[in-house]
Amino acid sequence: MIRAGIIGATGYGGKELIRILSRHPEVEITSLTAKLDAPVSISEVFPFFRGKVDMTCHPFEGTGVILPQVDVIFLALPHRVSMEIAPEFLARGKKVIDLSADFRLKDPEVYEAWYKVAHKERHLLENAVYGLPELYREKIKTASLIANPGCYPTSIILALAPLVREGRNPVELDDIIIDSKTGISGAGRSPSLTAHFPEINEDMLAYKVAGHQHTPEIEQELSNLAGRAIKITFTPHLVPITSGILSTAYLRLKKKIQWEALSVIYQDFYQGQPFIRLLPERTYPRVKNVVGTNYCEIGWQIDERTSRLLVISAIDNLIKGASGQAVQNMNLMFGFDEETGLK
Ligand SMILES: NC(=O)c1ccc[n+]([C@@H]2O[C@H](COP(=O)([O-])OP(=O)(O)OC[C@H]3O[C@@H](n4cnc5c(N)ncnc54)[C@H](OP(=O)(O)O)[C@@H]3O)[C@@H](O)[C@H]2O)c1
């Protein structure tokens with residue numbers, strides 16, 4: 001049994017972590033903290049936990065009290081805050097799984113350009129492991145610091161990885177266009193006008209067009225896979241559902257290829273991956289089929305008329321896109337079966 005703490009327990013990522021970890025047979029949750037002014041019962045914050053998780057969530061007042069209570073700490077915090085807290089846990093030999101963007105980008109200059117904040121812990125970036133098990137399983141097993149991927153990047157990198165991998169790519173790498181739609185929980189639990197029900201209900205909108213901060217993360221990982229620099233065009237959209245991301249990538253084919261040949265590429269790449277569901281021909285991912293699960297569904301179709309390949313993926317932004325993936329990483333780091341608590 002390992003002891004887990006969550007900082008940022010009152011947010012959406014925190015709630016999903018509590019839900020998953022409270023049913024995990026190898027984990028005891030020993031510490032819940034958030035910004036807060038005063039201690040509060042977690043079942044008062046999330047009545048869903050009434051009679052199931054009877055714990056107090058405390059105001060975060062430094063790492064001192066938490067350090068002796070945990071083997072692993074989940075940081076479900078806004079970017080900037082995570083990088084201030086992670087080093088103290090690492091220095092005391094604790095495993096850290098950060099859900100924010102603070103350790104995802106290997107180049108601190110890129111982080112600073114997109115997140116408009118100085119990176120104070122540059123020396124930690126080299127050893128931080130990007131927590132996408134389908135790409136980095138072996139490195140995750142021995143990592144101390146996991147940079148848990150963003151929700152859009154998870155859906156997009158998983159959809160495209162088999163196609164851009166060095167030497168295998170049947171598509172033009174300089175012509176990748178992706179649009180994604182996310183549910184409102186992607187924006188976190190703090191109220192905002194855009195996420196206000198009368199504003200978003202029966203509406204849909206593109207936002208941060210040609211400037212979303214997940215763009216460099218997607219480009220970093222696709223470039224690593226391809227062995228050369230890749231730039232993408234990425235447009236995120238907000239749609240009036242609570243959870244779920246549907247991403248569609250538009251790719252130009254280098255030459256004619258059959259659906260079955262692409263199927264072989266995908267099957268090869270994702271053989272033995274427990275949370276990837278490749279769909280049969282003419283069957284496409286749906287948010288409803290993955291919400292509440294740690295699965296990523298992927299489907300594709302060739303448009304013969306335009307020589308384009310369309311790849312579609314769906315995940316739950318809070319599970320495979322955040323807390324479920326974080327627990328998948330924890331399972332690997334502590335030598336548990338990768339699917340424990342996530343089935
Ligand atoms: N939502 C998603 O779909 C999603 C997906 C992937 C990754 N992420 C990332 O995961 C992280 C958490 O996202 P979220 O959606 O859970 O956000 P959220 O709902 O806004 O929750 C943020 C949490 O952080 C706490 N917090 C904020 N500042 C703090 C501080 N200085 N000290 C201690 N606690 C502090 C908040 O406490 P109070 O409630 O007391 O203010 C709250 O518990 C973010 O970095 C986000 O980008 C989110």
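FYI, side chains are in, hydrogens and waters are out, and symmetry mates aren't considered; it's all heavy atoms of this structure. Nothing here was measured: the structure is a model prediction, and the numbers come from that model. Start at 1 and go down the list; that is how both ligands and their atoms are numbered.
Those atoms of ligand 1 that come under 4.0 Å of a heavy atom in G186, given as number and element, are 1 (N), 2 (C), 3 (O). Close approach of ligand 1 to F60 is summarised as follows: ligand atoms under 4.0 Å from at least one heavy atom of the residue are 33 (C). Close approach of ligand 1 to L318 (heavy-atom distance below 4.0 Å) involves ligand atoms 1 (N), 2 (C), 3 (O). For ligand 1, the atoms lying closer than 4.0 Å to a non-hydrogen atom of T10 are 36 (C), 37 (O), 38 (P), 39 (O), 40 (O), 42 (C), 43 (O). Remark: ligand 1 atoms within the under-4.0 Å shell around heavy atoms of A322 are 5 (C), 6 (C). Remark: ligand 1 atoms within the under-4.0 Å shell around heavy atoms of Y12 are 16 (O), 19 (O). Per-residue contacts place G8 under 4.0 angstrom from the following atoms of ligand 1 (heavy atoms of the residue considered): 23 (C), 24 (O), 25 (C), 43 (O). Taking every non-hydrogen atom of V81 and a distance limit under 4.0 Å, the qualifying atoms of ligand 1 come out as 30 (C), 31 (N).
In the model, T340 has no side-chain atom that pairs as donor or acceptor with a side-chain atom of E26 under 3.5 Å. For the residue pair S185 and N317, a side-chain donor N or O sits within less than 3.5 Å of a side-chain acceptor on the partner. For the residue pair S41/S43, the side-chain donor-acceptor check at 3.5 Å is satisfied. In summary, the side chains of E88 and T63 do present a donor paired with an acceptor at a separation below 3.5 Å, with no hydrogens or angles considered. A donor-acceptor pair shorter than 3.5 Å can be found between the side chains of Q301 and Y284.
Remark: atom 48 (C) of ligand 1 lies closer than 4.0 Å to no protein heavy atom. Distance remark: protein heavy atom present below 4.0 angstrom from atom 16 (O) of ligand 1. Within a 4.0 Å radius of atom 39 (O) of ligand 1, the protein contributes at least one heavy atom.
Polar contact with ligand 1: present for G13 (N/O pair, distance under 3.5 Å). Checked by distance only, ligand 1 and A101 stay at 3.5 Å or farther apart across all their nitrogen or oxygen atoms. Ligand 1 has a nitrogen or oxygen under 3.5 angstrom from a nitrogen or oxygen of L36.
Screening L17, I42, L21 for a side chain to side chain contact (heavy atoms under 4.5 Å, CB included) with I29, the sole residue that qualifies is L21. A side chain to side chain contact (heavy atoms under 4.5 Å, CB included) with S243 is found for one member of I315, D316, V287, V290 and no other, namely D316.
If you look at H212 and Y152, their ring centroids are closer than 6.0 Å.
Between the side chain of E134 and the main chain of Y270, no donor-acceptor pair closer than 3.5 Å is present. Without hydrogens or angle criteria, S313 side chain to S155 main chain gives a donor-acceptor distance under 3.5 Å.
In S185, the part holding a heavy atom less than 4.0 Å from any atom of ligand 1 is the backbone.
For atom 27 (C) of ligand 1, the nearest protein heavy atom (residue, atom name, distance) is P78 CD, 3.5 Å. The protein non-hydrogen atom at the shortest distance from atom 6 (C) of ligand 1 is G321 O, 3.1 Å.
One finds no salt bridge joining E297 and K320 here, because no Lys/Arg side-chain nitrogen approaches an Asp/Glu carboxylate oxygen to under 4.0 Å. Taking 4.0 Å as the cut-off between side-chain N and carboxylate O, E304 and K256 count as a salt-bridged pair. Between E221 and R104, no side-chain nitrogen of the basic residue sits less than 4.0 Å from a carboxylate oxygen of the acidic one, so the salt-bridge criterion is not met.
Distances from atom 35 (C) of ligand 1 to the heavy atoms of L17, I6, L77 show the closest one on L77. Of the listed residues (K320, R189, K15), the one carrying the non-hydrogen atom nearest atom 19 (O) of ligand 1 is R189. Residue A76 holds the heavy atom nearest to atom 22 (C) of ligand 1 of all those in A76, G62, S243. Counting only non-hydrogen atoms, the option in I245, D98, N317, L99 that gets closest to atom 8 (N) of ligand 1 is L99.
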